[in-house]
Amino acid sequence: MRFEFATATRIIFGPGKISELAGLAPAFGNHGLVVTGVNADRAKQHLSALESAGIACRYFSIAGEPTIDTVREGASAARYANFVIGFGGGSAVDAAKAIAAVAPNSGEPLDYLEVIGQARPFENPPLPFIAIPTTAGTGAEVTRNAVLGSPEKRVKASIRNPLMLARLAIVDPDLTLAVPNSVTAATGLDTLTQLIEPYVSSRSNPFTDLFCVEGLNRAIDALPKAYANGADRLARTEMAFASLLSGLALANAGLGVVHGFAAPLGGLTNAPHGALCAAVLPHGTALNIRALRERAPTHPALGKYARIAALLTQDQNAAPEAAVTALANLCDSLDIPSLRAHGLNANDIPGIVEKAAAASSMKANPISLTANELTEILERAL
Ligand SMILES: [Zn+2]
């Protein structure tokens, strides 16, 4: 057995743990930039103790998912900051992560982007970054990349560097109690996707497998409960933990075809990342299993899909294909719309397939899929 597993983030997890921030933040300096969602009021309320701890905070709000322009503006707002806090969903956390990285470096955010930019290395280390997620979630509090949209190129791509890992992640499930139903469903299915894809990934290892199986076990039980009753504190805690595990798994084992599609789909529509992953998940799973059966029938990923199916159906003898039906049923019960509901149609498919094939997530898919197979996934997901 050989593997590598890295994280440099101090993780503090549990209901009410946000109260520890004021005691820990002064170690990073006395000027903080807080990056948050469109309404900064909630962040201001939860972070008010920072002022009493002698920290001057400037707030930077972002609407929707971060773009190259967001990060350029944020980096200029971070000019006097000693550290950056991301308080919000995956968008705010990723925006903060990218702003912390770009602020002390020269040039444009695009210079540092993979796929569509030059993936230039940093001259200077990023500012210290603290992640406080309020959804469960993207696991962005423990990943080393930030996903940014390029409206001109109509695609999303990452800035990626191990130095971008948060120095501190405070995961307080109580912050997710107010999340509305539709966001609970989309972010929860993103978590589920981020536990399935690293598990079957070509870069998986026994250590990341532990995170995936544990996270799947908890999320499969807790997601319908959190969706049915947002105030279910135990279900919210389970989902926050599953999301954290998904981030640790994907940062070390990569993703796959569903996230390969999420990058170009997210560039074409304003639909949230989780909703797009959810719409593609059953179909990407179906085609992966079919391709493995046809071209690699002894591949270990097939056994892992059988394990996923067993967890989803509670039937220890379930075939890998049973996972597809169970995931489709789960998406139905959580009212996940198809891609057509986000304004996509058949004319978009060839362009999306071409961009997805080049996406960084696609490299870790357990089997290389043909253009026809990628097309079939999208046709089914429409
Ligand atoms: Zn995701």
Side-chain angles (χ1 to χ4, degrees), residues 64-66 86 88-95 97-98 114-115 131 133-149 155-160 164 169 171 176 179 182-201 203-204 208 211-212 215-216 219 223 239-285 288 327 330-331 334 336 339 342 355-356 359-365 377 381:
E65 298 186 353
S91 296
V93 172
D94 261 10
K97 195 190 295 175
E114 289 178 345
V115 186
T134 62
T135 61
T138 58
E141 65 273 17
V142 287
T143 59
R144 66 193 77 170
N145 66 307
V147 183
L148 307 183
V155 71
K156 288 181 174 179
S158 282
I159 303 181
R160 191 182 309 269
M164 291 167 70
V171 183
T176 70
V179 171
S182 61
V183 180
T184 300
T187 53
L189 279 159
D190 185 28
T191 294
L192 211 64
T193 310
Q194 294 176 177
L195 292 162
I196 291 173
E197 294 203 305
Y199 186 43
V200 299
S201 148
R203 290 170 49 205
S204 67
T208 51
F211 288 70
C212 295
L216 281 167
L223 178 53
M239 286 310 298
F241 184 45
S243 174
L244 175 63
L245 291 171
S246 83
L248 291 165
L250 81 89
N252 286 280
L255 290 159
V257 60
V258 180
H259 277 81
F261 273 124
L265 286 170
L268 276 183
T269 85
N270 289 326
H273 167 76
L276 296 170
C277 287
V280 178
L281 176 62
H283 314 292
T285 305
N288 262 355
L327 289 171
L330 182 61
C331 288
L334 301 185
I336 292 296
L339 292 181
H342 300 299
K355 284 177 179 159
S360 50
S361 296
M362 199 64 94
K363 295 190 182 83
N365 201 53
I377 293 172

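Along the sequence shown, residues are numbered consecutively beginning with 1. All ligand and atom numbering here is 1-based and tracks the order in the structure.
The nearest N, O or S atom of Cys277 is not closer to the Zn ion (ligand 1) than 2.8 Å. The nearest N, O or S atom of Gln194 is closer to the Zn ion (ligand 1) than 2.8 Å.
Looking only at its N/O/S atoms, Asp190 has OD1 as the one nearest to the Zn ion (ligand 1).
Here the closest non-hydrogen pair linking Thr138 and Leu250 is O-CD2, 4.2 Å.
Rounded to the nearest 0.5 Å, atoms CD (Gln194) and OG (Ser243) are 7.0 Å apart.
Rounding to the nearest 10°, we obtain 100° for the angle at the Zn ion (ligand 1) between His273 NE2 and His259 NE2.
Distance alone, capped at 3.5 Å, is enough to place a donor-acceptor pair between the Thr269 side chain and the Ala271 backbone.
With no hydrogens or angles considered, no side-chain donor-acceptor pair links Glu65 and His273 at under 3.5 Å.
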